[in-house]
There are 4 protein chains.
Amino acid sequence: MTMSLAERRKAELRREIIDAAFTCFVENGYHATGIADIAARLGIGHGTFYRYFENKRDIVEHVINDLVAKILETLAADNAPEAVSTLEAYRDQSQRIGEALGRILLEDPRIPRMIILEAPGIDTAMGQRILEFNEMAAGLTADYLRHGVELGYLRADLDIDGTARAINGMILGSALAAVHNPDPADQRRLSAALRRVMYDGIAAR
Amino acid sequence: MTMSLAERRKAELRREIIDAAFTCFVENGYHATGIADIAARLGIGHGTFYRYFENKRDIVEHVINDLVAKILETLAADNAPEAVSTLEAYRDQSQRIGEALGRILLEDPRIPRMIILEAPGIDTAMGQRILEFNEMAAGLTADYLRHGVELGYLRADLDIDGTARAINGMILGSALAAVHNPDPADQRRLSAALRRVMYDGIAAR
Amino acid sequence: MTMSLAERRKAELRREIIDAAFTCFVENGYHATGIADIAARLGIGHGTFYRYFENKRDIVEHVINDLVAKILETLAADNAPEAVSTLEAYRDQSQRIGEALGRILLEDPRIPRMIILEAPGIDTAMGQRILEFNEMAAGLTADYLRHGVELGYLRADLDIDGTARAINGMILGSALAAVHNPDPADQRRLSAALRRVMYDGIAAR
Amino acid sequence: MTMSLAERRKAELRREIIDAAFTCFVENGYHATGIADIAARLGIGHGTFYRYFENKRDIVEHVINDLVAKILETLAADNAPEAVSTLEAYRDQSQRIGEALGRILLEDPRIPRMIILEAPGIDTAMGQRILEFNEMAAGLTADYLRHGVELGYLRADLDIDGTARAINGMILGSALAAVHNPDPADQRRLSAALRRVMYDGIAAR
DNA sequence: TATGAATGAGCGTTCATTCAT
DNA sequence: AATGAATGAACGCTCATTCAT
């Protein structure tokens with residue numbers, strides 16, 4: 001837990017390099033960003049960069065790791081699919097998850113921009129990783145849906161995997177809309193529309 | 001309509017270069033693909049490439065243009081939102097559009113891979129273009145929904161823009177799933193789940 | 001003397017290619033001129049060029065040869081240094097030569113531009129050739145001066161070689177001035193000043 | 001005035017690159033010289049070149065700038081046209097200028113070679129610059145002549161501009177002769193012939 | 001430890017030249 | 001004979017990475 005002053009400094013600079021890289025990648029794209037750009041943003045020599053990270057590929061890996069961890073943390077907090085056992089609590093949990101996602105994805109549109117728009121084009125390995133992250137997210141959502149079905153809150157004949165992907169797709173669409181237009185009011189409206197589609201569908205009764 | 005032999009040859013090679021570039025970009029990514037790779041795939045000299053396209057940026061523009069045109073053509077065929085005036089026809093139209101999208105997006109997973117995963121990372125201009133394509137797609141879907149509301153087929157209180165983005169998001173999610181797993185059976189299942197969510201929602205009754 | 005129609009056509013096109021190349025080289029420089037530019041100016045295919053000239057180096061050689069021949073012809077006409085034997089005739093000859101040089105060098109400023117400004121930068125061989133042309137010109141002028149001394153028209157203690165170079169330098173300066181400012185009136189004035197310096201010097205008496 | 005060691009090193013290498021480029025351009029021509037040739041001559045990596053100069057055009061600009069500055073410095077030293085007010089001093093000044101020009105132009109024949117033979121063929125912009133340098137030189141010489149006329153040392157009816165160009169032409173001719181044959185004895189003889197023509201003309205009395 | 005000067009692999013692009021039609 | 005499509009050598013330039021200070 002305790003670190004020497006030097007260690008704390010080092011950790012802090014490491015953090016700042018990741019943040020600066022994140023910003024550069026989002027603003028100019030991974031390939032258009034040079035190591036020198038990242039260093040310049042922090043006012044450090046670009047040789048210093050290599051004392052903290054192996055190479056350019058390494059830093060973007062850390063940027064992505066941090067973002068993914070942030071998202072997973074948010075979702076995992078007290079939101080494990082089995083953490084609730086009443087319809088009431090399930091609804092609340094859904095609401096909480098939606099709000100949490102909104103906070104990270106929509107409040108800082110650089111995050112979806114990085115993950116959705118920038119990351120896949122970095123190289124094939126990262127593209128694959130993003131696809132796998134999507135699969136994992138589908139799995140998480142499927143777990144929630146499965147629990148919902150068990151609780152009797154969701155339709156018993158639900159295609160859990162397919163529906164999970166549909167729901168995640170809607171979230172993806174929201175995130176993309178937020179990237180293009182970060183107006184909070186529009187995001188709230190969009191979020192409501194999404195829940196409405198999810199729960200009630202679009203058909204007239 | 002009629003072209004000389006030389007003109008046909010030229011047009012044909014042009015086509016082949018676009019296809020080869022498309023394949024290279026999808027397989028290795030835009031930035032990892034050199035002009036020499038595209039030329040080598042066709043067995044032509046890399047100088048020849050420049051007789052057909054201005055530069056590397058030019059070819060990817062054509063690749064994207066062709067894909068976008070292909071998608072819009074499919075959607076536009078006989079599927080203008082005002083082209084139907086009965087519930088029956090509206091439902092059929094929705095089905096047709098869904099199937100058409102399936103054909104192009106899911107039958108050739110290189111297409112969503114290129115547009116969703118590769119294109120945004122090419123440069124900021126292309127990233128912007130993809131976002132705008134997404135906006136345009138939202139507009140198209142909104143037109144369909146608006147027509148559906150007018151016909152009384154869809155809920156009168158539908159948030160048209162938000163719902164359009166939700167639906168497009170679901171399609172995006174399907175496309176992403178198809179990129180990761182191109183099994184046609186899974187795609188059909190997913191497509192059905194998506195329609196079910198759309199029409200009926202997920203809530204138990 | 002007689003040529004078939006085809007032969008005349010060929011010779012004519014050859015001539016036109018040389019002229020077009022001359023114009024291109026003067027307007028844009030040798031290195032900035034492509035074979036395609038020369039062909040385009042004539043409306044012929046650039047492959048045709050190679051039926052008339054070996055390569056790019058070959059054409060510029062011909063352009064220079066033609067210009068040099070033109071200049072030498074002018075000077076040589078009836079102006080051989082031994083062609084006159086009275087002071088009167090010598091003066092007339094000098095005048096004739098000056099006027100003839102004026103006609104070719106100053107009436108078409110592209111000629112000095114090509115020989116003085118463009119040619120030396122083509123490659124080391126051409127640079128050498130231009131230097132040797134300058135030497136040859138110095139020799140010609142020296143011959144005239146020598147004859148002038150023999151006739152008693154020029155100072156007996158004249159440094160013939162040095163003076164020849166000085167005179168040629170003045171002509172070179174005139175040509176350069178004409179390249180920069182092709183106004184005929186200025187050129188006449190300059191030509192007069194040059195003769196005055198030559199005959200009388202600049203010192204007050 | 002004081003620079004750190006690193007700054008001195010940097011300035012020194014910069015100087016060496018300019019010199020190496022100068023030598024390469026003179027020996028092989030601007031267009032036949034690659035950046036790699038310049039770097040190889042110094043035993044540095046060719047990437048290093050770009051740490052000191054923007055591009056190939058930039059270096060040649062610096063080479064020319066340095067040469068022009070060197071020439072102007074030499075002429076300007078204590079040789080302003082108004083700096084003398086007696087015939088004696090005027091003659092001395094002329095002599096000084098001639099000797100100074102001789103020192104730079106004739107002692108290092110690479111300088112006239114670069115400015116007269118190489119520079120104009122670099123591109124149209126540089127060609128123009130050389131022409132303008134010639135104009136400026138004509139202006140400088142004209143200033144000297146004008147002063148000479150005012151002092152009564154030169155003919156009152158002198159065509160100042162024309163005579164200035166004639167004199168500069170003679171200098172140009174000397175420089176060209178020096179490029180072809182750098183023998184100092186010949187250069188001195190030539191220089192004397194030039195002054196003789198200038199002051200006395202060539203005509204027998 | 002921080003720096004930035006040095007490096008060279010790598011790539012986009014041009015264009016003189018060839019040759020099948 | 002004329003054409004222009006095809007070619008690839010050649011070169012300018014970038015930038016991630018190394019390492020001496």
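Order of the sequence lines sets the chain letters (A, B, ...), proteins ahead of strands, with each chain counted from 1. Bear in mind that the values here come from a model prediction, so they are computed numbers and not experimental data.
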- Rounded distance in Å - CG (B/Asp58) to P (E/dG12): 14 Å
- Message: Under a plain distance cut-off of 3.5 Å, with no hydrogens placed, do A/Asn134 and A/Arg129 share a side-chain donor-acceptor pair?
- Response: no
- Item | Protein-nucleotide distance (B/Glu12, atom CD; F/dA5, atom P), rounded to Å | 15 Å
- Is the B/His31 ring parallel, tilted or perpendicular to the A/His31 ring (thresholds 30°, 60°)? parallel
- Note on the structure: Correct closest heavy-atom pair for A/His62 and A/Ile18 would be CB-CD1, 4.1 Å
- Query: Separation of D/Leu5 atom CG from E/dG4 atom C1', in whole Å?
  - Reply: 14 Å
- Query: For atom CD of A/Glu7, is the number of surrounding heavy atoms from other residues, nucleotides or ligands below 6.0 Å larger than 12?
  - Reply: yes
- Would you mind reading off the distance between A/Leu13 atom CG and E/dT1 atom P, rounded to a whole angstrom? 12 Å
- Report which part of the nucleic acid A/Arg51 touches: base, sugar-phosphate, or nothing (heavy-atom distance under 4.0 Å, all strands). base
- Message: So, taking the atom named CD1 in D/Ile59 and the one named CZ in D/Phe53, what distance separates them when rounded to the nearest 0.5 Å?
- Response: 3.5 Å
- ring pair (Phe, Tyr, Trp, His ring centres under 6.0 Å) filter on B/His180, not counting sequence neighbours, yields none
- Message: So, OP1 or OP2 of E/dT1: does either fall under 4.0 Å of a side-chain N or O from A/Tyr52?
- Response: no
- Query: Within the structure shown, what part of the strands sits under 4.0 Å from A/Phe53 by heavy-atom distance: base, sugar-phosphate, or nothing?
  - Reply: nothing
- Message: I need the CG-P distance between A/Leu42 and E/dT3, as an integer number of Å.
- Response: 10 Å
Would you tabulate the side-chain donor-acceptor contacts of residues 37-51 of chain C under 3.5 Å, counting partners in other chains and residues two or more places apart, or write 'none'?
{"unit_1": "C/Asp37", "atom_1": "OD2", "unit_2": "C/Gly34", "atom_2": "N", "d": "2.8"}
{"unit_1": "C/Arg41", "atom_1": "NH2", "unit_2": "C/Glu27", "atom_2": "OE1", "d": "3.0"}
{"unit_1": "C/Thr48", "atom_1": "OG1", "unit_2": "C/Gly45", "atom_2": "O", "d": "3.3"}

- Item | Check: B/Asn55 and B/Asp58 side chains under 4.5 Å, non-hydrogen atoms | yes
- Under 4.0 Å from any atom of DNA chain F, heavy atoms only: list the residues of residues 18-28 of chain B that qualify, in numerical order. none
- How long is the line joining CD of D/Glu16 and C1' of E/dA6, in whole Å? 15 Å
- Is DNA chain F part of any stem, that is, at least 3 consecutive Watson-Crick or G-U pairs with both distances under 3.5 Å, and where? E:2-21 with F:2-21
- Decide if atom CZ of C/Arg14 counts as having more than 12 heavy atoms of other residues, nucleotides or ligands within a radius under 6.0 Å. yes
- Considering non-hydrogen atoms only, spot the tightest contact between C/Gly29 and C/Thr33 and give its length. O-OG1, 2.7 Å
- How many Å lie between CZ on D/Arg8 and P on F/dT21, as a whole number? 16 Å
Strictly under 3.5 Å: I want the nitrogen or oxygen pairs between protein and nucleotides 13-17 of chain F, one per line.
{"unit_1": "F/dC13", "atom_1": "OP2", "unit_2": "D/Tyr50", "atom_2": "OH", "d": "3.1"}
{"unit_1": "F/dC13", "atom_1": "OP2", "unit_2": "D/Lys56", "atom_2": "N", "d": "3.0"}
{"unit_1": "F/dC13", "atom_1": "N4", "unit_2": "D/His46", "atom_2": "NE2", "d": "3.0"}
{"unit_1": "F/dA16", "atom_1": "OP1", "unit_2": "A/Lys56", "atom_2": "NZ", "d": "3.3"}
{"unit_1": "F/dA16", "atom_1": "OP2", "unit_2": "A/Ile35", "atom_2": "N", "d": "3.0"}
{"unit_1": "F/dT17", "atom_1": "OP2", "unit_2": "A/Tyr50", "atom_2": "OH", "d": "3.1"}
{"unit_1": "F/dT17", "atom_1": "OP2", "unit_2": "A/Lys56", "atom_2": "N", "d": "2.9"}
{"unit_1": "F/dT17", "atom_1": "O4", "unit_2": "A/His46", "atom_2": "NE2", "d": "3.4"}

- Task: Provide, to the nearest angstrom, the distance between the NZ atom belonging to B/Lys10 and the P atom belonging to F/dA6.
- Result: 7 Å
Anything under 3.5 Å between a donor and an acceptor, one on a side chain of residues 19-26 of chain C, the other on a protein residue two or more places apart or in another chain? List them.
{"unit_1": "C/Asp19", "atom_1": "OD1", "unit_2": "C/Arg15", "atom_2": "NH2", "d": "3.3"}
{"unit_1": "C/Thr23", "atom_1": "OG1", "unit_2": "C/Asp19", "atom_2": "O", "d": "3.0"}
{"unit_1": "C/Thr23", "atom_1": "OG1", "unit_2": "C/Arg110", "atom_2": "NH1", "d": "3.0"}

